[in-house]
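These numbers come from a predicted model, not from an experiment. Note on naming: letters A, B, ... go to the chains in the order of the sequence lines (proteins, then strands), and numbering restarts at 1 for each one.
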Amino acid sequence: MLDGRSVTARPGEVLIAAAERAGVFIPRFCYHPRMKPVGMCRMCLVEVASPRGPALQPSCFIPVTEGMEVVTTSERVKKAQDGVHEFLLINHPLDCPVCDKGGECPLQDQTLAYGPGESRFVEEKRHFEKPIALSNLVLLDRERCIQCGRCTRFAEEIAGEAQIDFAGRGERLEVAKFPTTSFSSYFSGNTVQICPVGALTATPYRFTARPWDLDQVESTCTTCALGCRVAVQSSANRLTRLLGIDVDPVNQSWLCDKGRYVFESVNGDEALVPGAAFAGEARPAGRGATVRLTQPLVRTHGELVPASWGEALGAAADGLRRVRAVGGPEAVAVLGGARLTNEGAYAWAKLAKGVIGTDSVDAQLGDGLPAELVLSLPRATIDEACRAKVLVTLTGDVREELPVLFLRVRQAVLSGATRLVELTYQTTSLTPYAAASLLMRSGDAPGLARLLVGGSAIASGAPFHPDGPPWSPAQLATARDLLAETPEGAGVVVLVGRPSLAEDASLVAEAVEVLANAWPAARFLPTLRRGNVHGALDMGFAPGLLPGRVSLEEGRAWFRRFWPTVPERTGRSGAAVLASLAGDLEDPDGASDQREAPKGPPIGALVLLGADPVGDFPDRQLAERALAAAEFVVVVGGHPSASLHHADVVLPAAVAHERPGTTTNVEGRVSRLGQKLVAPGLAWPDWMIAAELAASLGADLGFTSASAVLEEIGRVAPSYRGIDAAIEEGTHRDGVIVPLVGRGVERFEPIDPIATPGVESVERQGAPPRVGSARIGAWVVPVSVEGSGEGVPRLLSWPSYVAKRTSTRPTHVSPPDAYTLRLVSGRRLYDRGSAVLGSPSLVPLVPKAPARINPHDLDRFGIDDGDAVRVRSSRGSLVMRAEADPNVARGTVVIDFNLTVAVPDHRDAPGREALRRETTAEKDRRGTERPEDAQRELGASVLIDAMAPVTDIRLESL
Amino acid sequence: MDASEASGVPRIVTAGFDDPESYTIERYLARGGYQGLRKALGMDPEAVVAEVDRASLLGRGGAGFPAGRKWSMLRPDPVTYLVVNGDESEPATFKDHALIERNPHQIIEGTLIASYAVQASQAFIYVRGEFALGLERMQTALNEAYAYGAVGRDIFGSGFSIDIVVHPGAGAYICGEETALLESLEGKRGFPRIKPPYFPAAIGLYGQPTVVNNVETMANLPWIVLHGGAAFASLGAGRSTGTRMFALSGHVRRPGVYEVEMVKTTFRDLIFSEQLGQGLREGRTVKAFVPGGVSAPWFGPEQLDLPLGQDEVGAAGSMLGSGSVVVMDSSTCAVRAAWRITKFFFRESCGQCTPCREGSGWLERILYRIEHGRGREEDLEQLLDICDNIAPGLTWPPQMTTICVLGPSIPSSIHSAISMFRDEFLLHVKEGACPMSGGSHG
């Protein structure tokens, strides 16, 4: 009984949540629906009947029981709540006019709704120095703090890093970081969002806007491929802030700091001036202006000069026609696409494959997995992964690559919903939560996969290290015992990604094939991380594929109905395109990124869609040679990059938040992208560029809007059939998973306005006070797509993949020896990618990469922790700091990707002087062409050979 | 020689207090120490529990919960803990302090008996960190007891084994609250735990079933085992059986710790008896007294003849609480007394719940203002209303809006002072100064 009426609650539900679903909003501050209740603020007191009469109880903490009688509106409840409210205000500075939170502040809103008009408090309020920095991103004003513990609980309970906690007691209770460390969590921005007052503020947003001046659309974050739902807010056509929205199956209201703050790179402070230094090489290491491409450029007499769209499109079309006329359609390659919307990707796929006729189209630049493998694996959702009986990971560090997925998996393991088995080259952020963490070396994955499914490792082509396998036999036994309880892999979900960029994808691919064949009932969640890479692959942005998860052969007849042409032959992968251009394809194993790569005519023209091979491709030297060798290069993108050096035509494109559309996440969940800004200058959305370029080539793609593209996708792309209607009708947040199966569910779930202040609080906490203020968001996911229809091609599936796979030649890995180490190069969240470097708030967070080596190996080589060392592969060498790290497998050196390498810290550190001499000598020897400093900025890619695992690293002490 | 011995009432926990070396194991053994443990180890654990039940031993920490009942609520589990609370830190409360310093072995023996009775896996004695001497003596006594074979593996050849750890507190009054104490023992910040679960007996230290008992409660056990629960229950009356230690302080001639028979003794006896408090200084009369620690509502002279019994004092609207009796004579400023007590709670609030964290400071500041002559008449109603927002209704026992009882303890003295001495408050306001200033105390 709630206020006299009968209400039903879910098992274990706390009173405050049950009441909210029943339309009764109980005021609260410390309660957050995604965290354990602590009952600290005491705002949510209600009367609960007890044998000794009604008692005031905190509704955030009391579970609903059968027959419970609750009163939320009595005078006694009101008096208690008003009392608590007054207590919260007495020491609050009431500096709302200068507070960022003013206008969307739960304390302010509730004061307005229920609070007293005047203060009875005539004493002096408590004072603190304000504000103090908890980190580069988060500032704390302790005077405004109401000690609700949301931030400290988030840090410990959700992020798993208690870098902030309470200090002091009583009235001097304050949130504090530890003296020698900062609040450096990747998730720190969430504490700012959930702070119910203005105590925590974020430097990128601080003092930039008032909430009532902000305009907002809902969208999906495409910084990584997880698909977190966000509210995108802007003022005067500049993005000001992103807030996480609670989408139960995906991000559950959390965001990572990169996703939250890279919007700064969208706000171009200046347009690229022709002749000026291009970003990517000349941008200062510290805070710098963000530069955008805002007008078409055409290379004339060796210089890029501004042009009209007509001139630029004409020049692009001429160049492509010229190359096609000489080398045929296959001489044109289109790389990139992971930054596009689904609509942009489809339009470009149609232009490339359906108009130009080339199949050498790839959204992955050697840092992904074979597309056909990814799309053929039975796909798991994030929810399925989080309740898998056993969750196996064969990927990089999830916290670095898909940060919010780390939060989900961590919660799942802690709640006992799943057990984790990790296959990894080094200890990761998930290792503390793993039931078994199997440490391996580059080359071991296929053999370890065979051991895991109960076979023998001998069948693998990769011999183990002479020291014996690096994993602990006990851990392997634990893993096998766990997996023995899941026959055929029933209930097993595997996270599949790229744990290292210093080996090509074939090792992981082979291991995945082993697992998928042994576990027919298992499901897979591919953790490819680039923005909309999953949408791009679904749109056919890979060789051998057509839109809608069908193979080129299977879909050729179907797409001939809709497209002017369909490629005759399977094209080359991104890596193979670059290798072919650079003249590196003589090694038959070279194109192993894409199995049985056909030898084709030489590539002549390259279209780069928001892709920067020089910055993104693991083997940067190869990418540079490839671009230099290309006859004609068209760059389409929003930001300048190192690849601009080689561009013949530059077409400026709208970026995230500047165009509407849809995106597809790791699960295959399609959700809407909102447009918040008008793109700067003359930049167009990608689908429009494709359509206009097609027109210049004499073809009509048939689109006049992004929604027209989506309509065509829903009509012709087999796995996306009906998506346009589903997305239209599914107006709300969850998005829909493709292929659409069965009927969607209706869900009614209120969003707690206090949990997401800034998203809904202003609307939600007004009149009527106390009762019924919870607006209920409802949405319907509609339609099942009936049958497959006549002629619709069959989707890729595991059986079809296996049937097509002719040879199972194991990947060749050279046998290990005692003198060389294997290179592992993983991803870090903040790296030297253009999004981070374009976001001044994030630039200071980019770490430097030392060479991390197992102490045992360092001893063996006679190198001390912290010394300078020369790391040499057959490709190149780096002089950098060696760091002893027991988390790294023996026989391995870890240098994280796309980071400047670290040098010894102290001037008097051993090797430092030698390093200086070395550097000077290098400079003398090489002149200015390639000084050691520039090498250091290129980082691990100097050592990486994209075509084979890097197994020949040698260390030399200086 | 004191009153209880003269009347044939045994000194159960303060025996040997007159001996300056009472804390050593030699003297303890000479007094018959560890005989209760030997006897208990020869009994079934259930029989020991039954004996304590029969004694009707009420907890001596403040809440007065029957010890035997507490033990029987223990959730069955292979791992259970016994935690002994020696974190006495309230102003004017110093009976445990004396007990720890002068009779540590009896606490240890009681702890061992209780551990045996509930079959605990590990015992902890949590001693207030500021008790430097007490900690030293407790640890020394524990070492002696280990050497004597009374603690550790296979105690006295009985097959029963238990380890005891002495843990120093870190300077927070709140850690005397049993759930905050458990957090502190776990190495965490001393925040009281949210209830439910109401009793550590279900979920306590490290999530395991745990008994938390006061040190004086423990010290009663050897006598109860040796002499029988019935003998203990024959002392006192009603639910309040046995003897109890009282810390008498304030304006009495002979402040100190006295062990007296419950119920049979009155506050007047305690304060005025020649063997006990010896009355007030010449010419002074009792203005008011605190009957059971500073969180208890005050009594006036008309309640002097109340017996020292838990239910009797409870029925009169206060509590025996922590066993501290503070006498205020006619020279005392009621405002200043209330302010000092409130200042203590303000300083010691853990800060977890809003009403206590914010309310304590607000009350303290208003009382300070009144005492220092800057009061307003409306401050009185405001004080009571703020108190009402911390403990709605200002009832006794208080209704709570907070996690633990520290918050609702704050209003007691303020409510008492205003109810009993409203005119004195108004005089402060009217005169713009404390009319009692120049008094000898503060």
For chain A against chain B, give me the donor-acceptor pairs closer than 3.5 Å, one per line with atom names and distance.
{"residue": "B/G171", "atom": "O", "partner": "A/R169", "partner atom": "NH1", "Å": "3.1"}
{"residue": "B/R189", "atom": "NH1", "partner": "A/G168", "partner atom": "O", "Å": "2.9"}
{"residue": "B/R189", "atom": "NH2", "partner": "A/F166", "partner atom": "O", "Å": "2.9"}
{"residue": "B/R189", "atom": "NH2", "partner": "A/G168", "partner atom": "O", "Å": "3.2"}
{"residue": "B/R347", "atom": "O", "partner": "A/R169", "partner atom": "NE", "Å": "3.1"}
{"residue": "B/E348", "atom": "OE1", "partner": "A/R169", "partner atom": "NH2", "Å": "3.3"}
{"residue": "B/E348", "atom": "OE2", "partner": "A/R169", "partner atom": "NH2", "Å": "3.1"}
{"residue": "B/S349", "atom": "O", "partner": "A/G170", "partner atom": "N", "Å": "2.8"}
{"residue": "B/C350", "atom": "O", "partner": "A/G170", "partner atom": "N", "Å": "3.1"}
{"residue": "B/T354", "atom": "N", "partner": "A/M40", "partner atom": "O", "Å": "3.3"}
{"residue": "B/T354", "atom": "OG1", "partner": "A/C41", "partner atom": "O", "Å": "2.9"}
{"residue": "B/R357", "atom": "NE", "partner": "A/Q147", "partner atom": "OE1", "Å": "3.4"}
{"residue": "B/R357", "atom": "NH2", "partner": "A/I146", "partner atom": "O", "Å": "3.2"}
{"residue": "B/E358", "atom": "OE1", "partner": "A/N91", "partner atom": "ND2", "Å": "2.8"}
{"residue": "B/E358", "atom": "OE1", "partner": "A/R126", "partner atom": "NH1", "Å": "3.4"}
{"residue": "B/E358", "atom": "OE2", "partner": "A/R126", "partner atom": "NH1", "Å": "3.4"}
{"residue": "B/E358", "atom": "OE2", "partner": "A/R126", "partner atom": "NH2", "Å": "2.9"}
{"residue": "B/R365", "atom": "NH1", "partner": "A/E171", "partner atom": "OE1", "Å": "3.4"}
{"residue": "B/R365", "atom": "NH1", "partner": "A/E171", "partner atom": "OE2", "Å": "2.7"}
{"residue": "B/R365", "atom": "NH2", "partner": "A/E171", "partner atom": "OE1", "Å": "2.9"}
{"residue": "B/R369", "atom": "NE", "partner": "A/E123", "partner atom": "OE1", "Å": "2.8"}
{"residue": "B/R369", "atom": "NE", "partner": "A/E123", "partner atom": "OE2", "Å": "3.4"}
{"residue": "B/R369", "atom": "NH2", "partner": "A/E123", "partner atom": "OE2", "Å": "2.9"}
{"residue": "B/Q382", "atom": "NE2", "partner": "A/R120", "partner atom": "O", "Å": "3.0"}
{"residue": "B/D385", "atom": "OD1", "partner": "A/K79", "partner atom": "NZ", "Å": "2.9"}
{"residue": "B/D385", "atom": "OD2", "partner": "A/R120", "partner atom": "NH1", "Å": "3.0"}
{"residue": "B/D385", "atom": "OD2", "partner": "A/R120", "partner atom": "NH2", "Å": "2.9"}
{"residue": "B/D388", "atom": "OD2", "partner": "A/K79", "partner atom": "NZ", "Å": "3.1"}
{"residue": "B/N389", "atom": "OD1", "partner": "A/K79", "partner atom": "NZ", "Å": "2.6"}
{"residue": "B/Q399", "atom": "OE1", "partner": "A/R76", "partner atom": "NH2", "Å": "2.9"}
{"residue": "B/T401", "atom": "O", "partner": "A/R42", "partner atom": "NE", "Å": "2.7"}
{"residue": "B/T402", "atom": "O", "partner": "A/R42", "partner atom": "NH2", "Å": "3.3"}

Could you look at [X] and say if it's the side chain, the backbone, both or neither that has a heavy atom under 4.5 Å from chain B?
| X | result |
| --- | --- |
| A/L88 | both |
| A/I90 | side chain |
| A/F121 | both |

Side chain, backbone, both or neither: which part of [X] has a non-hydrogen atom closer than 4.5 Å to chain A?
| X | result |
| --- | --- |
| B/F345 | neither |
| B/P392 | side chain |
| B/I386 | both |

- Query: Roughly how far apart are B/C350 SG and A/F166 CZ, rounded to 0.5 Å?
  - Reply: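 Here the rounded value is 10.0 Å.
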Nearest heavy-atom contact between A/V84 and B/P355 is CG2-CG, 4.1 Å
Heavy-atom closest pair (A/G39 atom, B/I403 atom, distance to 0.1 Å) is O-CD1, 3.6 Å
| said: As a quick check of understanding, evaluate side-chain contact (heavy atoms from CB on, under 4.5 Å) for A/F87 and B/I390, giving each step before the final call. | reply: CA-CA 10 Å; A/F87 285 138; B/I390 299 174; 3.8 Å; yes
Tell me which of these, A/C148, A/A55, A/G168, has more heavy-atom pairs under 4.5 Å with chain B than the rest.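 Greatest number of close heavy-atom pairs with chain B: A/G168.
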